[in-house]
Amino acid sequence: MEQELASIKALQASLKQRLDDDQAVLQQLAKRLWAQQESEKAKLSRELHDGIGQLLTGLTRRLQALSQQSPELATLHSIADMALHDVRQLSRLMSPTILDDLGLKPALNWLCRNLLEDEAITYESHIDLPADIPKDISILLFRIAQETLVNTVKHSAASTVTLSLGHHHNVIRLDIIDNGKGFDTKQVEPGIGLSSINDRASAFSAQLELISAIGKGTRTTVTVPI
């Protein structure tokens, strides 16, 4: 009997090790997938900036020069200028060079300004980070913050947002809190955006928690080991 129990335990340990190994392989594959997506976004961002962006720049300058001759051309210049602004904004959001150049803290502050100020949403950001965060973790936190803030703008009807990012020992925690209308988390099916940040978090062994109730705002919390 003892020999059989020992054999069963050994088999269980072997199966657990195989499952752990398979999980590690899947996580590495997921990380490579996200890295490839970021590379594709960077490529498309450059194409938008160097292709459509340059064409719109030339168009707006030409229309600006002609706009003094006709009110209609002045209107067209205004429309072209707005289109150029939108293309530049999309290019930056797809591949924010500020994240590579200056780091996560300036990138998150920039993100809050760009997404919230034009929506008349008052925001606060409290960021305390170590200097040596791995690049893939910085991208993970930036993309989760980006998706969360976009959802806030689209759906929450919030007037205030607080973004907090801090660290304790080897764990980084991101909290994004709004005072919007909230929702019943049990009744709402996760959309593409929420599913995407869930998948990203899982790939990095991060914990994602979404707390909301009707009339009580929403809190999104991410904790990720480094």
Side-chain angles (χ1 to χ4, degrees), residues 24 26-42 44-45 89-117 119 121 123-156 158 160-178 180 185 190-212 217-226:
L26 288 174
Q27 283 189 320
Q28 290 302 316
L29 287 173
K31 287 182 179 181
R32 285 200 291 270
L33 174 62
W34 294 123
Q36 180 63 30
Q37 287 192 4
E38 291 296 330
S39 176
E40 292 297 325
K41 286 180 180 179
L44 182 55
S45 173
Q89 179 81 333
L90 178 59
S91 176
R92 294 190 191 104
L93 288 172
M94 290 187 68
S95 182
T97 55
I98 189 174
L99 186 59
D100 292 329
D101 296 340
L102 300 179
L104 183 57
K105 182 176 180 178
L108 288 175
N109 286 327
W110 170 84
L111 183 68
C112 288
R113 287 196 305 273
N114 276 268
L115 292 180
L116 302 179
E117 283 187 352
E119 303 296 329
I121 298 176
Y123 69 90
E124 294 181 358
S125 60
H126 308 283
I127 302 173
D128 177 25
L129 287 173
D132 55 346
I133 297 177
K135 181 179 178 179
D136 56 354
I137 299 297
S138 292
I139 294 173
L140 167 71
L141 292 168
F142 181 88
R143 290 304 185 194
I144 290 178
Q146 182 180 17
E147 185 62 42
T148 300
L149 292 175
V150 167
N151 284 339
T152 299
V153 170
K154 285 184 177 180
H155 306 299
S156 74
T160 63
V161 171
T162 300
L163 182 150
S164 301
L165 186 61
H167 67 100
H168 183 68
H169 295 305
N170 294 322
V171 174
I172 293 178
R173 173 169 171 157
L174 169 68
D175 288 287
I176 299 177
I177 305 168
D178 70 61
T185 56
I192 294 175
L194 184 57
S195 297
S196 174
I197 63 176
N198 262 311
D199 291 342
R200 280 181 179 264
S202 296
F204 288 85
S205 299
Q207 298 296 317
L208 176 66
E209 184 178 24
L210 185 64
I211 300 174
S212 186
T218 302
R219 174 196 288 266
T220 302
T221 299
V222 181
T223 53
V224 54
I226 56 173

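- To the nearest 0.5 Å, the span separating CD on Gln146 from CG on Asn151 amounts to 10.5 Å.
- Between Glu209 atom CD and Thr223 atom OG1 the span is 8.5 Å, to the nearest 0.5 Å.
- Considering only heavy atoms from C-beta on, Leu165 comes within 4.5 Å of Leu104 through its side chain.
- Among the candidates Thr152, Val161, Val150, the single residue satisfying the side-chain contact (heavy atoms from CB on, under 4.5 Å) test with Leu115 is Val150.
- A search for side-chain hydrogen bond (donor to acceptor under 3.5 Å, both in side chains) contacts involving Thr160 returns Asn179, not counting sequence neighbours.
- Taking the side-chain hydrogen bond (donor to acceptor under 3.5 Å, both in side chains) definition, one finds that Thr148 meets it with nothing, sequence neighbours left out.
- Judged as a side-chain hydrogen bond (donor to acceptor under 3.5 Å, both in side chains), and not counting sequence neighbours, Thr97 has no contacts.
- With a 4.5 Å cut-off on side-chain heavy atoms, Ile127 and Leu163 count as touching.
- Side-chain contact between Leu99 and Leu108: absent, with no pair of heavy atoms (C-beta onward) separated by less than 4.5 Å.
- Atom NE2 of His126 is surrounded by more than 12 heavy atoms from other residues, nucleotides or ligands within 6.0 Å.
- Rounded to the nearest 0.5 Å, atoms OG (Ser156) and CG (Leu149) are 9.5 Å apart.
- Note that OG1 of Thr162 and CZ of Arg219 are 9.5 Å apart. Values are rounded to the nearest 0.5 Å.
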